Amino acid sequence: MQVFLIKRTLGFLTTILAISVIVFLVMNVLPGDPSVTILGIDSSEDARAALRAQLGLDDPIWQRYLHWIWGVAQGDFGTSYFFRVPVGELIAERLPLTLSLAAFGTLATVVLGIVLGVIAAANHGRAGDWIIMLLSQLGIAIPAFWLSMLLVLLFAVKLRWLPPGGFPGWDEPVAALRSLILPTTALALVQSAVLARVTRSSALEVMRLDFVRTARATGMTRGRILGRHILPNALVPIVTIVGMQVAAVVTGTIVIENVFYLPGLGRLVFQSISNRDLFTVQALVVLFAAIVVTANFLVDIAYVLIDPRLKGRLS
Amino acid sequence: MIEAENISVAFGEAEALRRVSLSLRPGERLGLVGESGSGKSMLGLALMGMLPEAAQMTGRLAIDGHDLSRATDNEWRDMRARKVAMIFQEPMMALNPLRRVGDTVMEPLRLHLGLSKSDARRRALELFEETGIQEPEEKLRQYPHELSGGQRQRVLIALALACDPGILIADEPTTALDAHVALRITDLLTRLARDRGMVLVFISHDLAAVARTVETVAVMYGGEIVEKGPVAQVLSDPRHPYTKGLLHARPTITGGELRKRLPMIPGNVPALADLPHGCRFSGRCSVELPQCAEVRPALLGIGGLRACACHHVPEVVE
């Protein structure tokens, strides 16, 4: 177990470092000059040159990278060119909203996907199965941003049940939750459609195994066999997909937060890229990558918790 | 106690079982032998109400006086584990791999008998001891993949016996096991049936295992019982041409030397839909009469406790 943890931690750090290098390179290769962002298009070339020198933008790229990553290692993500505040503060302000949205999105995906998938598998070849598979096919085919707009048109504009966008802050919990319902739905519907299909096919595969017959022979009800015997055995592929979907949901917040005007990290990423706000973008991409890598790590732990036969993987 | 009268199981036009009758009293041990596709496993599943969804069953079936000819799935569920239990061929995957085997055995105890967790545990331990599992305390906590094939089959037997059923159906329980392990399992089944006064239906194509385990044997071919009687008599003095062929096809050591080539029954078991209308064995039989393919021979008493379904073997009325 300890060996496993050490290995995983090293793997985690290597991945994050690799990502930081790639992000840094990409952001520096992209056209656009931060000094223009800061001083405005009307600024003089002299002023810009002075600022570039002050910010160290004229240093060789490897020097700038080392300077930046050394700061990151000490918890200093640099100062945003655009907002003129430490990037750490920017992120801390917006993190709760994005984390809530991602958590709700993942939760809704898992619940909806597994429930629908199990219902489809239990009704294999019958109407319920067909309907769920048809809807999930539709769900997979719909882009999340378009679905978001449809949801806004129906539930916010026409029915006026829910706000079309914006976020009042967690000081008003009810209003905050209400404003997250549509974004969560938009995030989760597409992902749960994928998960429902995986759950269904995994459950159908397990249903054919001998121990299901044993459970039937010992007088178990269909529901009990499904919930206690089939589903746990179908979980390994489901958990694998959920791990990948955490990544999809986290990156999905970028689009969703922009559609719904939610002041979270996704919106910050978008603004920062437009503004060539190098430090902010770099920090955010590294943060998103860390979330995804952590999700994969949790998936590996989950495998072992689900299946005692995989205990060997821990050493 | 099982009373089955003219049980037929059909998949559309194809008949997997044709007019099979059985009557088994407590403590009786019956062997069902035959090739794959002879219907022996189908009969076992019919006695559990676990036939495939597409199957149509007709005839009269009663277990312990409950008429189950038209039983719903719920009625069958109440019979399983409590009245009739079954163990299967492949012990490798017959246990839920994610559960400790103790929890698997405790599940029906808690669910059907309403035992508390500690009572169920105590009972599971007794069952493990009764089925000859070594170090039962420790085994309760183990997962199926940590047990050997023989141990798993013992766990499955313990599971089947959990709710004290009057009938145990064992479908090829030893086929996947090593010969010496198989021997111990059949001996265990014999002892359990005797000690508990339980009906044992032992399905196998292994004639030696059947001879050790049961008192009565029914030879099946093409979904029918073609010959039936005390196991020693049927195996030493077969009357039906199919039984003769089956016994002849066994590897035996004569004069200290293994016969080089095994005699075979000519042809293959036909597909269900292609079975002849009359005697199911016609077409492969070496002593076939003109009427065999058209007229179904009834299973008739031929003296003592024996019965045979063949136009060649005359009925004996005592």
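This one's a predicted model, so the numbers in the text were calculated from it and none came from an experiment. All chains are named by letter (A, B, ...) in the order of the sequence lines, taking the proteins before the strands, and each is independently numbered beginning at 1.
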Please flag which part of [X] lies under 4.5 Å from any non-hydrogen atom of chain A: side chain, backbone, both or neither.
X	answer
B:Met50	both
B:Arg100	neither
B:Leu111	side chain
B:Glu107	both
B:Leu156	side chain

What's the spacing between A:Leu99 CG and A:Leu265 CG if we round to 0.5 Å?
-> 7.0 Å
Nearest heavy-atom contact between B:Ile185 and B:Arg154 is CD1-CG, 3.8 Å
Residue, of A:Arg228, A:Arg224, A:Arg222, that accumulates the most heavy atom pairs under 4.5 Å with chain B = A:Arg224
For A:Asp129 and A:Arg126, what are the C-alpha separation, side-chain angles and deciding distance, and is it a salt bridge (charged side-chain N to carboxylate O under 4.0 Å, His left out)?
-> CA-CA 6 Å; A:Asp129 186 18; A:Arg126 288 194 284 266; over 6 Å; no
Determine whether A:Val292 and A:Val246 make a side-chain contact, defined as any pair of heavy atoms from C-beta on separated by less than 4.5 Å.
->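 Contact flag for A:Val292/A:Val246 side chains = no.
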Cation over ring face, A:Arg213 and B:Phe88, 6.0 Å, 45° | yes
